[in-house]
Amino acid sequence: MAPRRIIIRNHSAEANLFARRTFIAFVGILVLILVLFSNLYSLQIDSFEKYQTRANSNRIKLLPVAPNRGIIYDRNGVILADNKPVYSLAVIPEQTSDLKASIDKISTLLDISIDRQTKFFDSVKSKRRFKQVELHPRLSEQQVALFAVNQHKFPGVFVDARLKRYYPFGKLTTHNLGYVARINRKDANKLDLAGKSENYAATHSIGKLGIEKYYEDILHGTIGHQEVEINSQGRIIRTLDFTPPTPGTNLTLTLDIELQMIAKRALSGKRGAVVAMNPRTGGILAMYSNPSYDGNLFVHGISTKKWQKIRNSKDLPLINRTVQGYPPASTVKPFLALTGLEEQIITAKTQITDPGWYQLKGLPNKYRDWKKWGHGKVDLNKAIEQSCNTYFFDLAFKLGITKISTMMERFGFGDYTGIDIYEESRAIMPSVSWKRGRYNQSWYTGETLSVGIGQSYWTVTPLQLAQALTTLVNRGERKVPHLLKATTDTTANLASNTQNNWNEINYEEQAPLVLKQEKNWDLVLNAMHNTVQKVGATAYLPFKGAKYDAAGKTGSAQVVRIKQDEEYDAETTQENKRDNAMFIAFAPFETPEIVVAVAIENVAKGGGGTNAGPVARQIMDQYFGNRVIKSSFDNSAAQDKIITQHRHSSINPLHLSNESE
Amino acid sequence: MRSSGQDQQQVRNIWQKLHIDVPLLLGILTLMALGVFIVYSASGQNMSMVYRHIRSICVALVIMLVIAQIPPLVYRKWAVPVFVIGLLTLVAVLIFGHVGKGAQRWLDLGVMRFQPSEIMKLVVPIMIAWFISQANLPVKISTVIFAFILVLMPTLLIARQPDLGTSLLIASSGIFVIFLAGASWRLISVCVGLASAFAPILWIFLMQDYQKQRVMTLFNPEQDPLGSGYHIIQSKIAIGSGGYEGKGYLQGTQSQLEFLPEPHTDFIFSVFSEEFGLIGVGILLSIYLFIVMRGLWIAVNAQHAFTKLLAGSLTLTFFVYVFVNIGMVSGLLPVVGVPLPLVSYGGTSMVTLLAGFGMLMAISTHRRFHT
């Protein structure tokens, strides 16, 4: 320490100096405060909107809410496609205390397989922070209950309830309804291109086939939004706003699920298809392809094993046979006869003599009749009743392929019927130009003869047959086959699906097929009537004793060409090379309400009459009042109504009181 | 009327005897009360935190009262030994110190941990004021140079911890004394020149990577919005979205939803501006300005060169705290970890600050008693 010195100080000078310096410092402070304030002013006033927006985008998240998919009903209000709650187990890894231990414990508790655990840990790696990861896609009710009791032990693990599609009739409706399945990359791209991605932001499934695909847009509905406030960890603090989604439109189909069941039963053990249609409207009453598969499998994602089994089945269950081409065989004879009459090649009275075969002049090939010894003298009526091949060989020869194909195309053969599913095939109506285009070959007269009995290249779908038959029984008035009967706007009335709020679909009128001579219709239709009604006619047995007045035509199609002088014997022929059985029918004869087309592949014995005929008979029996399954459905439908009413009343008691008045 | 005038005189005498400067105390208490409410909001309505905050306030007020009783003369006597002890503890911290948040700042004494750098905030101005007031004002160049060396020693030691924010604050508290002592303008400009020349050296040799990053972030926070820029962006969003009137008490989304980092300590100003807007900010700045003005008034009216310089330096340093904190959270200055004085949660800074205010009050109330 330095020794203290006496310092002579000039106190007032020092004070002045200090005061000056303090003043300068004070000015400095004022300037700095001004700097702070002006900076804050620019933040809070000038850039207020910018920062307010950013504060809101920090805390407000718009969560998309998927709309409920429209329900699909049959014509009587039976639910064919429903939405059922499915519970999945999800985990937010960041919210668990120890992820590995939690998963271990919960897997033991709920018996979750190692496979799922591995899958889970794989997807954890690729997920964004604070996003949920699925551990189990579908918990059983027991698992849900078990978890609910133990939930407090598992922070960050929760059950996620979601509506998933359910098809209560399984296999029975898959070929009509199709199914929904997870939106894959291809679907996502398509949605993107169509500008629909935004509407699908919360949607997990999309229609892949059938009605579900065709009416995807109206079934889906419109997305809703939930505006939530989140904290910096992404946890939802509260809901700020909710725009409910608009559920998809409910569809009522023309299908009658009971007829569909009959069709399935009639085809059981066989490969084949049935189409039943109302000729007055074109509404499909039943449309079933056997074997089928369960669309529910695809809703949750089908396992590779099950998929392989379905895909590799030699019965080809994936194919919708109602819209696949078959050789029509003799079922098209009425249409060919009509062509002959219309082209004035034949009259009702034109007769030929059938020795059991037909031969073109100057050629060695013999075209055989199915009856080895021939039908003798044959006119139009007998030719159809007995399905005489020789008569139609002769007719086809005289008509020529061009006249045949032109007329057949007017009936819709070789073209899409326009039904509201996408899986339809056009099948083949052969013509000179078709063969040129397809094989680059000229047409042979021998092929015309085969076309005359519905063989050769000619294929038709059961649906085309039903459509053509509709045109025939309507005497030229054509209808577009369709499955959709009505839509129900779900916003108008949440609970019920009654005829009152149906919006019936009006299908476009089709230009009629006009004949030069109206009476030609009757000639052919009468012949078909006789085919069923006359004892000994080809379709007599299947409809023997029916309480309604049916008409129809049989057909047996060769699947493999039989060489000259070779005998066909079903028992010795390989199963998949045996004949196909075909049948078309309608009833009542005077005022037809239903047309039926049946195709059965590779029948063991007999032709269309013995194999396919009974199928048509069972459908018609069911349709005309012998309604075996009806009663049980009446009950369940009634029950459904009670449930919906009940549900509705809990929402809106006023409505119930209105109803009871 | 006469009697009421006498009463007033008596009341003034009571405060005088308690060595309390009433305007200063009112300013301090207003800010502290405000602080309690903001800490409640910023901590997410955490009452136990509020109680702890109130406890630190009480402790700090008691310390202020105690210090106010000590005549300023006493500090002058003890300036040199305390300064030397302070330097030694700073060296001790570097050798034995407790590492917290990536820096060695704490000295664990078994019973309690304390931060020697906090004490140096008071000791350095005392020391420099004592040193300079030995001679007549204005200061001579030789005195200034020696004073600089005295300032530099603790500054560098604290910078080594590393605690750049505190070391700069301590350096400025010493420099303020030199400035107030009337260092010539030419000298000041030379120093400013030297400082700007020193900046690159500081940048390259002395600053840690995280400190460099903070400075870089200041210039472009959006460059790394989720990394180092996150704090400053969220803070600016909080302040900016407060607008003119603010979102309302407890309604600040940025703070309540935890988007703001350290909302109850360094970033408490952002919470305040978000909830009370520019109006609240204006009022807050006014209170600070009032305290600063009162401090400077005390300095100007102090009787001795030593007390003038000390009071001036303490007041200016207090303002620097305010400026650095607000400048930091509003994006004008790099993030250096300086709390908002008298408002932020945290006992240590509160105690140091109030000890300083205790000295100001002592200077203000002891001036009648001459040395």
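Computed from a prediction, not measured in an experiment: that's the story for all the values here. Every chain is numbered from 1, with letters handed out A, B, ... down the list of sequences.
For chain B, the nearby part of A:Ile45 is the side chain; its heavy atoms alone come within less than 4.5 Å. Residue contact with chain A, scored on non-hydrogen atoms closer than 4.5 Å, involves the backbone and the side chain of B:Val300 alike. Looking at A:Ile237, the atoms closer than 4.5 Å to chain B (heavy atoms on both sides) all sit in the side chain, from C-beta outward. Residue B:Ser273 touches chain A through both its backbone and its side chain, counting heavy-atom pairs closer than 4.5 Å. The contact between A:Tyr41 and chain B is made by backbone and side chain atoms together, counting heavy-atom distances below 4.5 Å. With a 4.5 Å cut-off on non-hydrogen atoms, B:Leu309 touches chain A through its backbone and its side chain both. For B:Gln254, the part sitting under 4.5 Å from any heavy atom of chain A is the side chain, from C-beta outward, and nothing else.
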*Passes side-chain contact (heavy atoms from CB on, under 4.5 Å), A:Leu89 versus A:Glu134? Steps please.*
CA-CA 6 Å; A:Leu89 192 67; A:Glu134 194 178 81; over 6 Å; no

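Judged purely by distance below 3.5 Å, without hydrogens or angles, the side chains of B:Gln256 and B:Gln251 never pair a donor atom with an acceptor atom. Under 3.5 Å, the side chains of A:His136 and A:Ser88 contain no donor-acceptor pair of N or O atoms. Residues B:Ser235 and B:Ser270 have side chains that bring a donor and an acceptor to within less than 3.5 angstrom of each other. Under 3.5 Å, the side chains of A:Lys153 and A:Asn150 contain a donor-acceptor pair of N or O atoms.
Ranked by heavy-atom pairs shorter than 4.5 Å toward chain B, the options A:Arg59, A:Gln44, A:Glu49 are led by A:Gln44. When each of B:Tyr288, B:Tyr244, B:Phe176 is scored by its heavy-atom pairs under 4.5 Å with chain A, the top score falls to B:Tyr244. Of all the listed residues (B:Gly246, B:Gly242, B:Gly243), the one sharing the greatest number of non-hydrogen pairs under 4.5 Å with chain A is B:Gly243. Contact count against chain B (heavy-atom pairs under 4.5 Å) is highest for A:Asn39 among A:Thr53, A:Asn56, A:Ile230, A:Asn39. Among B:Ala183, B:Gly312, B:Ala181, the residue making the largest number of heavy-atom pairs under 4.5 Å with chain A is B:Ala183.
Applying side chain to side chain contact (heavy atoms under 4.5 Å, CB included) to B:Ile126 and the options B:Phe83, B:Tyr75, B:Phe131 leaves one that passes, B:Tyr75.
Counting only distance, with no hydrogens or angles, the side chain of A:Arg21 and the backbone of B:Phe179 share a donor-acceptor pair below 3.5 Å.
Relative ring orientation between A:Phe154 and A:Phe147 is described as parallel, the plane-to-plane angle staying below 30° on a 0-90° scale split at 30° and 60°.
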